[in-house]
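Below: one structure in structure tokens.
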Amino acid sequence: MAERLLEVKDLNVKFATEDGIVQAVDGISFDLERGKVLGIVGESGSGKSVTAMTLMGLTRGINARFDGEVLYKGTDLLQVSDRDMQNYRGNELGIIFQDPMTSLNPVYRIGEQIAEAIQAHENVGKRAARARTIELLRQVGIPNPESRVDDFPHQFSGGMRQRAMIAMALSCNPSILIADEPTTALDVTIQAQIVELVSRLKDDFDSAVIFITHDLGVIADIADEIIVMYAGRVVERGSKRDVFYDPQMPYTWGLLGSIPRLDRPRPERLHTIEGSPPSLINPPEGCKFRPRCPHAFDRCMQEPGLENRVETPGHLDRCWLDVDYKREHRDETISGGSTEAA
Amino acid sequence: MLLVLLAVSFIVYFIFIVIPGGDPAQRIAGKVATQANILAIRKKLGLDQSFIVQWYDLVKALFTAKLVSYSNQTNVVDQIKQGLPATFSLAIGAGIIWFGFGVLVGTISAVTAGRISDRAITALALIGISMPVAWLGLILRFFLAGDGGSGVSWFPDGGYVPLSANPAQWFYHLILPWLTLAVLFIGFYGRVLRSNILDTINEDFVRTAKAKGLSSRRILVKHVLRASLIPIVTLFGLDFASVLGGGAIITETVYNLHGVGWYAAQSIASEDLPPLMGVTLFGAMFIVVFSLLVDIAYAYLDPRIRLS
Amino acid sequence: MRRKRGISVAIAAVVAAGLALVASGCGGGGSSGSNNSTAAPAGKTFPTLKVAWGTTDYFDPGLSYRLESWQLFQDVYLGLVVKAHVSCQTDNCTKIEPGLATTTGTVTDGGKNFKFTLRKGIKYSNGEPVKASDFKATIIRDFKLNSPGIGFFSNIVGVDACEANPTSCSDISGIVTDDKAGTVEIKLKTPESDFLYVLSIPFTAVVPASTPQKDTENPPPAAAGPYYITNYNPSKSFTVKRNPYWKKNEIPAVPNGNPDTIQGTMTDDESQSAQLVASGQAMYDENVLPVDRLAFYKKKYSDQIKFFTTPSTYYFFMNQQLAPFNNLKARQAVNYAIDRQQLVNLRGGLGVPTWNFLPPSYPQYKKITPTPYPYDLQKAKQLVQQSGTAGQKVTIYTISDVAVDLSTGEYLQSQLNKIGWKATLKPIAGANYFTIVGNQSTKAQIGFTDWFEDYPYPSDWFNILLNGEHIKPVHNNNYGNVNIKSLNKEIDRLDSLPPSEALSASTNSAWAKVDKAFSDNAATVPYLNGILTSFFSSQMNVACDIFTDSQDDPAQFCLK
Amino acid sequence: MATTGQEEFTLDTAAELAAKEGGSQIQGKSPWVLAGRRMRRNYVSLAFLGIFLLIVISCLLAPLYVSQVSHIPQNDVRTGATVVEHGKTVNVISQGGTKIVNGVPQIVFGGVPIGAQWGAAGGKYVLGADELGRDVGTRLLYGGRNSLFIGVTSAAICTTLSVVLALLAGYFGGIVDWIISRFFDLVWAFPVVLLGIALGTALSVNGFHHGPINVSSGSLWIPIGVISFVFIPYIGRPLRGQVLALRNREFIEAATAQGAGPVRIMFSELLPNVASSVLVLFTLIVANSILTEVGLSFLGAGVQLPNPSWGTMIQEGSKLLSTAPQISLFPGIAIALTVLSLNVFGDGLRDALDPRAKIRIEHG
């Protein structure tokens, strides 16, 4: 059995803001093993980025409060001091951010920025760091890395910048790579390359990946397990197969429906989920998705637990609807108005 | 750039030509002059020429260092040159103080944002930028210098001692003027830097730096400060240029430092056009030159501009 | 001469250069503050005298018309005759004594011809000998420079062409010189009682004929006196050194001087100037002490400060050609409305209230009794009512950049408003003030002015300031356009007496009557005679301080 | 519950993240409503607004102060007056002078005004007298009226002119923009104090009389005109940038497509979008203008006597700092307090409305 790298238990993240307490993450739990890819999916505002940042210790601050445990190789990262946390960042956990344009410091050369990460954790000289940087750039597929290493970020294209970001994240061989919507700002063709790159490097570097996205399609190929988040909560969780082929949560259906797919007849229009995500300060009572759910009924006024409701073990969801009812109706959402053509 | 200077000179000329009762010929002619004297002088100085010709003559005289004042016939360029040591001493010293302390104060304030030190600094900075310089200068001079007033005479009561004559006295005489001039700028720069830093901290690249596992100090110095200082450098260029060019009129007047600003105040009081023309152009020249330097520094600090 | 107007905008308060004329001993005034019965100790020479000095206009004797310069010039530039110097210690200070000439001249032709013979062997600081023709060249140079002093020469025969076109002046027929004999002869159009005094002012001090005919300042023209100015940095500093060609005791009236070098730091900032002396960085403060620190300094440095009254009068002019001041009652009302004591207070107490136009130091002075216009606001109000000018608008002119003058203007404004006019204040920068109010087109109604003597004779007052015949369209000194025919005539008569009768008892009392007549006419509002200060550092022997006609004499300062 | 320690500068990161994550409902409200809500919670800012209003109201009530408390009008010279202080009669101005005794002047120093009486003299000279026996308290209030009037009016004129120029430059672009930008550069290239004082002195000699405009030399409109002129680029430049950026946004294109004219687009479409910045900049310029007035008056180029303003009072009092510090001290404190309250309030307003608005200040 593969090594269990990360164990998140009932993680809660709250922020005190001028408008009130924001419950950004509410009781999320998952495990991650070496060599696996965990996909976290949800709209913006669903708490997935906060989860990722919390793992990295980037949400620490005087107005943030955390509950639960984040056990990395048995150590609770929430209890680690700020100073010690520096050693985990970059070294044990690497992260790639959404927008490669702004995530790189515009005034330093690409090479400097990567070498800086290496030197922060390893006692190597400048020359060695630079050599390593060039090697990393080559590994992430930057052509001509010897000369491009001295370029500034604005001289790189978007895709290349993201590759540089990946190189930076992997520079110290982290066990876990967190990719926080790494492809959102990129062209579709580049997206695929980046996803493929992450998947390949995961094997090369023998690490685990948490891949965060709002687009289920992106991780369709690489994810081993998928968590669907809504309003700070996990609303469905299961293997890729479970989520794609037997989605239990109407919200998941919505997400699936918004993927343009070539393997199905083209719907008249892609599905959109009506309304907008709820306030995290005063969330609606009961099921958080209830106000936007076309299938909501009385019972939804009570919040359902995250339970295993189908025959597949490990496939959990938060929906009161009858399993058969769901299987009957979900295609209306997933495939739009053209179900009958299937 | 030359165009700006010419335009500036034209405006100064225009301002002073609209003064009625300030006929320079009459002033030169002195107490017992006759109407004929005045006409003769007017002709000699070319004051009977058309507006544009007079202006041209004035500018030409200035650039060939031949311009003399109306009131006492001293060479304007010489007088400005004589004011340089005092003005430069004031500007450079004060500049170092205000930039250094401004950065220090702004950084401390931003790093401890929300805590007592930040609040104290913010309050002090606000008070600093709320005090009129003339008043602050007078009060400091009164309370800390000159034994006729408060009884405390820690500092000399105004005046300037050349650096070459006595470095210790030079420094001693300049402490109060430096502080007076620097207080407002420290407050202002501190506040601007604080808000820049707080803006920069939210930049994605700072999050990246943090995610790399860099230490807080390194992130602050290498990533946050550098980006935050760029607008400060622009400001500093302009302010410093303005003070170098004689813009610290009030400070120089309050402390009786015979610099370029003091010379300007004197000339303004006697409505003496040529020196004022000279000083204003001199000041404008510094601002124009420093704007250029700022652009260059900007390009150095921000490669996006350098390469585009 | 007017006291200098400081243009230092913020700090300079009373930027008076302290015309330190001693209260004259001649006839009336008694002795001066320093004029003790015992002679001042003869000082010993010492290397350097460091002084804090007020700024001035020029350091060229042909151009400067300010006390700061004249005080130094008394030991630098000498005329054919000089004002009393050394003799001030024991004798009277209004006396004219031989300078470069051997005597005070021979006057013939009923006072129209003055003849002088130069002393032999006198040399300028540049080594050139002093020649008789230099005198004429000096006067011509004054015209070429458009000197403010050329007005004093209008009575000389043959100056008309030069007066008409000063800058192309080439010859004055009324001045005849003979270099061989060393004689200078000056012919006047009419007798002039004060002409010897005119020959003692710096405009007539002889400079080499080779001096450039333009403002010469760094260094200033060569000097015939015991000292010469080696360096002048306008508004900043000057250096004065002994004239290497000066022969000791050559001219009895002019002292050889104690300091070898005088180094001056120039500033208009009174408190800075005073602190330089208090801290020992300078040995003498030429500026007046700052008003609000007077008491403090007086207490702390009581032995080092001297106060002296100056031959000066501060007064308000009233334009007699404009309403409401063309009305006698209106002018009298202003005189009653001014509490002179309060104007003295504004100067920190440095002044003596006066109702006479002529200062008390003059032998011709006679205090007008009973006090003609005691402070009486009710009476002033009544007079305004009676004059029928109540409610009229009055614009007051004053100097904007000297705090005391500005306050004085504000005081006048408030008083005029109280007695029934609508007064507004018009402050003007000191540098231009007298040009502007002296221009008839300005139509200045009423305003501040003051006068310090050029030389100690009443014609310097009444003839220049109040004689209606000298009213001019521009550069007018008679700001009030006072023009009383009978008094004009009397001034002219007294002014053209031969010098021998100038100081007779009858002449003196005639001048006093003129003074009284102007008071009766309420021609002006004289309100105080100025008092100035001399502040010495602790290393100086204050007893050496001699007040000459115009000021302390730095050449006679000595160490303890 | 695990509460981690604080790391140095994550406060705002967290707050922003939180606002982003939870902010979808808030975003639905108008920015003005939002700002109002933020303002209401900023007690410090509101307190200082209160101080500012208190100062303004006090100054407006100056006539009441004269009629009810001091009984000494603002320009009333009372050099020879006396007041009864704790039952003792005291000269308002100490009486000095000189007597010539045996030819030697004996000096009694005088001319020192009484200091602050607080309540002792029954409402008279509460803050002491100046060198002419005028009531410093009364003049402080009347001076405040002038200083505040100059500050607010010149800021208003300056802001209006700058907004119009910025809108013209930003909307028309091209040659119009070039000319206006060069104009900004030109005014910017002058040292402000120098330009202001040069203008002020030139104008205060004989006023300004050209064409229909007739301003007398003592008029408040001279400092107002000068100050509003020199600060034009300080507002104009940043606004022009904003307008330029807005110019290319869809809603302007939409308005143009609907046939809206330039004036309409500038004032109905563009202006509301920069209004929040304008408001913030305005507050800060008022503070700056009040300070500039002090500089001008201090050098004799501002408010003309005997009209008081805080600047002229400081200047007048500077000669008597050692004997009567009250003359300069109180107006200085009044200015500092006024400017401080405006700055704090302006800061709060900026935080609420437009966190990016910044202004360059200059002094000397």
Side-chain angles (χ1 to χ4, degrees), chain C residues 9-11 13-14 22-23 25 29-35 271 290-296 298 306-309 339 341-353 360 375 398 400-401 403-404 406-407 409-411 413-415 417-418 424-429 432 436 529 531 533, chain D residues 73-81 91-113 130-134 197 201 204-207 216-218 295 298-301 304-308 312 314-325 327:
Chain C
V9 206
I11 295 297
V14 195
V22 97
S31 56
S32 75
S34 72
N35 199 356
S271 56
V291 166
D292 77 326
R293 298 191 190 179
L294 273 175
F296 174 83
K298 177 74 175 121
K306 279 189 162 183
F307 297 91
F308 47 91
T309 50
D339 185 352
Q341 175 60 41
Q342 299 312 324
L343 292 171
V344 169
N345 279 337
L346 273 184
R347 286 175 194 273
L350 292 184
V352 185
Y375 177 55
T398 194
S400 61
D401 46 7
V404 176
L406 200 52
S407 306
E410 287 183 81
Y411 176 78
Q413 182 194 24
S414 166
Q415 297 306 93
N417 279 329
K418 280 178 192 163
T424 51
L425 192 62
K426 187 140 181 113
I428 292 172
N432 301 332
I436 291 173
N529 307 117
I531 287 184
T533 60
Chain D
Q74 50 159 331
N75 292 336
D76 197 14
V77 168
R78 298 198 168 183
T79 40
N91 279 323
V92 170
I93 304 291
S94 76
Q95 300 293 300
T98 317
K99 275 183 197 151
I100 312 286
V101 178
N102 295 330
V104 182
Q106 302 288 322
I107 310 268
V108 178
F109 300 106
V112 179
D130 72 2
E131 77 279 13
L132 287 168
R134 295 175 296 202
I197 290 162
T201 317
S204 62
V205 173
N206 268 355
S216 72
S217 59
F298 184 72
L299 294 172
Q304 301 296 313
L305 289 171
N307 265 342
T312 52
I314 289 177
Q315 206 267 334
E316 280 191 290
S318 66
K319 304 295 175 290
L320 293 176
L321 266 181
S322 47
T323 49
I327 309 173

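Naming convention: chains lettered A, B, ... in sequence-line order (proteins, then strands); numbering from 1 in each chain. Just the heavy atoms: all of them, side chains too, but no hydrogens, waters or symmetry mates, feed the values below. Remember, predicted model here, so these are calculated numbers, not experimental data.
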> Checking Q341(C) side chain against G96(D) main chain: does a donor-acceptor pair fall under 3.5 Å?
Replying inline: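 Yes, Q341(C) side chain to G96(D) backbone: donor-acceptor pair under 3.5 Å.
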> Backbone N or O of V404(C) within a donor-acceptor pair of the K319(D) side chain at under 3.5 Å?
Replying inline: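 The answer is no, because no donor-acceptor pair under 3.5 Å joins these two groups.
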> Taking all non-hydrogen atoms of both residues, which atom of G349(C) and which atom of I107(D) are closest, and how far apart?
Replying inline: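 Heavy-atom minimum between the residues: O-CG2, 4.4 Å.
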> Could you walk me through whether L132(D) and L346(C) pass the side-chain contact (heavy atoms from CB on, under 4.5 Å) check?
Replying inline: CA-CA 8 Å; L132(D) 287 168; L346(C) 273 184; 3.8 Å; yes
>> Report which part of L406(C) has an atom under 4.5 Å of a heavy atom belonging to chain D: side chain, backbone, both, or neither.
In response: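 The side chain, not the backbone.
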> CG/N417(C) to CG/D76(D) distance, rounded to the nearest 0.5 angstrom?
Replying inline: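 The CG atom of D76(D) is 10.0 Å from CG of N417(C), to the nearest 0.5 Å.
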>> Using the side-chain hydrogen bond (donor to acceptor under 3.5 Å, both in side chains) criterion, which residues pair with S407(C)? Sequence neighbours excluded.
In response: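 S407(C): side-chain hydrogen bond (donor to acceptor under 3.5 Å, both in side chains) contacts with E131(D).
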>> Test of understanding: with salt bridge (Lys or Arg N to Asp or Glu O under 4.0 Å), list the residues that count as partners of E410(C), not counting sequence neighbours.
In response: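 R134(D).
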> Between I531(C) and chain D, which part of the residue has a heavy atom less than 4.5 Å away: side chain, backbone, both or neither?
Replying inline: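 Only the side chain of I531(C) comes within 4.5 Å of chain D.
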> Heavy-atom distance under 4.5 Å to chain C: side chain of V108(D), backbone, both or neither?
Replying inline: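 Just its backbone gets close to chain C.
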> In terms of heavy-atom pairs under 4.5 Å with chain C, which of V112(D), D130(D), V77(D) leads?
Replying inline: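 Of V112(D), D130(D), V77(D), V77(D) has the most heavy-atom pairs under 4.5 Å with chain C.
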> Side chain, backbone, both or neither: which part of Q106(D) has an atom under 4.5 Å from a heavy atom of chain C?
Replying inline: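 For Q106(D), no heavy atom lies under 4.5 Å from chain C.
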